[in-house]
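Comments concern the structure below.
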Amino acid sequence: MFEEEKSFIESKIRAYLQTQEINEATIEFRQIPFSGEWGMAVPLFPVAAGEARTGKRVIVPKRAQELAEGIKAHLRDDLGGFSHAEAVNGYLNLYFDTAAYAQRVVDTVLDQGADYGRTPDRDQTVMVEYSQPNTHKAFHVGHLRNVILGGSVCRILEFAGYEVIRANYLGDIGLHVVKWMWNYLKHHAGETPDEDRTHWMNQIYAEADQLFQDPENEAEVRALYARWNQRDPEIVELWKQTRQWSLEGFEQIYDQLDESFDRIYFESGVEDPGARLVEGLIEAGIAQDERPDGPVFIDLDQIAGTEDEYRVLVVLRSDGSSLYATKDLPLAIQKFEEYDLDQSIYVIDVRQSLYLKQIFKTLEILGYEWADKLYHLAYELVNLPGNVTMASREGTVVLFDDLVKEATQRARAIVQEKNPELGEETKHAIAEAVALGALKYTMLSRDNTKVVTFDWDAALDFNGQAAPYIQYAHVRAGSILRKAGQECPSDAAFPEQLEKTEVDLIELMTRLPAEVVRAAAEYRPLVIANLSFELARAFNDFYNTCQVLNAEPAVRAYRLRLVAAAQQVIATSLDLLGIKAPSVM
RNA sequence: GCCCUCGUAGCUUAAUGGAUAGAGCAACUGCUUGCGGAGCAGUAGGUUGUGCGUUCGAAUCGCACCGAGGGUACCA
């Protein structure tokens, strides 16, 4: 934007600098700290500093101001698209005509609608692997951060012009699954899951985990594991059936969260390829095989010539059974065989940083030229107040469905109070949108690398900086537009004198495209979370200071367009966070 | 021991080497309650963890230290 205006001014500045015997200078444009008027700033500090370096005795800030004033005088009224200029604090500030700029922004938003802020297609494909739950187990709040973060990052990347493949990798084998099957066969034979499948699955698992403490039971579980390893058809059949139940349960959860995946990988599917890969590693002399007295491992530091950096990666246990590494290596390879990826992202908690570094390094050593396209998107855990870690074993988990039920109930009470006349189903749908929005916003409005302390009251606080506040602004905008009847005017001129609240609102709308790009580059939904809140606040300020429906026709017309544009940008920003923007609440 | 991440107001954050470190939440004091229940005005809160360095200029870059959390061969 504004390239023409910029290059015009740049040439004028250069011409002036020549008169000052400055022939080489970097002219850069940057944002003016916004104070009610739109424009761009040219800092003269670099130019003055350049003079200082050539030996000229100047005081940089003073000289910068002098130059700025000189340029302003030199430009006179010949501003090519800018309305006026000012020399302040060593900056040359160039301002746009407010009415024209405001109208340009609002027109652009309404013209592009839901695509406002979208980056053109980049022709780059990114796979994001996230969620990765274990089947036969619970889905708790710790898992929630992963899904919410991964889902939002996908939405942001898509909006920033990338083609995104959402991948999920399910832990469908291992001791936890065998424990589950053992308990099912012994105590729950013939039972089928109830409505809430994940909850049911987890009850059986939690029980199994308890019973497993008893050595006698443990022996039975081990025996069952052996049958599983023999691929006893009866057990395989049970495994398939129960895994399916678990998948259906996850599907319910993903539906609620408004998430879906393009490609699902199973741990069971990469176990054999993993075993073959390890054999190859041993033959190639990359991995050392100490079986049966020790495991198969790769001494990464030795190969890379580093010390204490990559450590040692165990790729197969001494008894020949597989570990995560056994399966993550072939999975990475499979992804690149299936897709032409420009980047492969792993949304996995920060505690596995070294492990992923090892996996990436191993793939590099194996000669895969795409190894540098692997990226670990690390996030911190969700703790409970008092810095208590959520762990199934200690019983300190907050289960997903309990959380959503509670949250929905609270939201429901609020909807009931505000809008008692709505139908039951509508009320429930709104309550759920509000409840899930609140949960998502709590998770996304914290930086990835910071611990989220999960607090029931804070997560369900519908006031303050939280999703409901933003959703509410969206609803209010919709309410005005609805009452205005008809359609939004197709065109309206903006007056020279705008209210401060109008200007601030428009300013925030202009920031969306750049913030999307930044959020995508940094994989930080927080950037959008902050913007969406600021938009909502700015809209509320506007709402409180500017009449729309009761204003005179010309004012009403442009303000209606402003309301519609604001509603659009709020909706878009919420959508990028995976939060629904209801039309009533 | 070594490695990684993080330190800005009580909390969540902004400023991406440049303008007086800017907001919101929470707190306190008033006021208002009119397109939908909440809003508005104000107050207070900061030697940007500490020190040194690079620079005309550092919250931002470098080094050291302090603090918190995590990781460090057959857990996931």
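Lettering follows sequence order; numbering is per chain, from 1.
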Nearest nucleotide by nearest heavy atom, which residue falls closer to the 5' end of RNA chain B, A/R30 or A/N419?
A/R30
Regarding A/R311 and the six-membered ring of A/F297, is the cationic atom NZ or CZ under 6.0 Å from the ring centre and inside 45° of its axis?
no
For B/rG30, which nucleotide is its Watson-Crick or G-U wobble mate, given both distances must be under 3.5 Å?
B/rC40
So which one's nearest nucleotide on RNA chain B is more toward 5', A/D541 or A/K450?
A/K450
Side chain of A/V548: nearest nucleotide among B/rC6, B/rC35, B/rA38?
B/rC35
Within the supplied structure, the quantity of interest is the number of heavy atoms (other residues, nucleotides, ligands) at a distance under 6.0 Å from A/L549 CG; does it exceed 12?
yes
Report which part of the nucleic acid A/A49 touches: base, sugar-phosphate, or nothing (heavy-atom distance under 4.0 Å, all strands).
base
Listed nucleotide nearest any side-chain atom of A/V314, set B/rA76, B/rG36, B/rC74:
B/rC74
Give a yes or no on whether a donor-acceptor pair under 3.5 Å exists between the nucleobase atoms of B/rC74, that is its base, and the side chain of A/S318.
yes
Output field: ring centroids A/Y375/A/Y346 closer than 6.0 Å
no
Base partner of B/rU13, which must satisfy Watson-Crick or wobble distances under 3.5 Å
B/rG22
Determine the contact category for A/R63: base if any of its heavy atoms lies under 4.0 Å from a base atom, sugar-phosphate if only primed atoms, P, OP1 or OP2 are that close, otherwise nothing.
nothing
Whole angstroms only, please: what is the CG-P distance between A/N448 and B/rU5?
14 Å
Under 4.0 Å, counting only non-hydrogen atoms across every strand here, what does A/R524 touch: a base, just sugar-phosphate, or nothing?
sugar-phosphate
Return the value, rounded to whole Å, for the distance between atom CG of A/L67 and atom C1' of B/rA19.
16 Å
Quick one: the side chain of A/R311 and the base of B/rC2, do they pair up donor-acceptor inside 3.5 Å?
yes
A/R145 charged N/C atom sitting above A/Y379 aromatic ring, 6.0 Å / 45°
no
Nearest of B/rG36, B/rU13, B/rG24 to any side-chain atom of A/V475?
B/rG36
Is the charged tip of A/K357 near the ring of A/Y310: under 6.0 Å from the six-membered ring centre and within 45° of its axis?
yes
Considering Watson-Crick and G-U wobble pairs with both distances under 3.5 Å, what does B/rU8 pair with?
none
From the candidates B/rC35, B/rC2, B/rC74, the one with an atom nearest any side-chain atom of A/Y543 is B/rC35
With heavy atoms under 4.0 Å as the rule, sort A/E522 into base, sugar-phosphate or nothing.
base
Under 4.0 angstrom, heavy atoms only, what part of the nucleic acid is A/E307 near: base, sugar-phosphate, or nothing?
nothing
Classify the nucleic acid contact of A/N93 as base, sugar-phosphate or nothing, counting any heavy atom under 4.0 Å across all strands shown.
base
Given B/rG36, B/rA23, B/rC35, which nucleotide is nearest the side-chain atoms of A/S479?
B/rG36
Can you figure out which of B/rA19, B/rA73, B/rA76 approaches the side chain of A/A41 most closely?
B/rA19
Charged N to carboxylate O below 4.0 Å: is that the case for A/E66 and A/R63?
yes
Distance between the C1' atoms of B/rA9 and B/rA76, in whole angstroms?
39 Å
Tell which nucleotide pairs with B/rG57, taking only Watson-Crick or G-U wobble pairs whose two distances are both under 3.5 angstrom.
none
Under a 3.5 Å limit for both distances, which nucleotide forms a Watson-Crick or G-U wobble pair with B/rC65, could you say?
B/rG49
If you check every side-chain atom of A/N89, which of B/rU13, B/rA19, B/rA76 has the closest atom?
B/rA19
Nucleotide nearest A/Y355 (side chain, heavy atoms from C-beta), chosen from B/rG36, B/rA76, B/rU13
B/rA76
Identified pairing partner of B/rU72, criterion: Watson-Crick or G-U wobble below 3.5 Å
B/rG1
Nucleotide of B/rA73, B/rA14, B/rC3 approaching A/K357 most closely (side-chain heavy atoms)
B/rC3
Taking any heavy-atom pair under 4.0 Å as a contact, classify A/V88: base, sugar-phosphate, or nothing.
base
Choosing from B/rA38, B/rC75, B/rU72, which nucleotide comes nearest the side chain of A/Y472?
B/rA38
Answer with base, sugar-phosphate or nothing: what part of the nucleic acid does A/D319 contact at a heavy-atom distance below 4.0 Å?
nothing
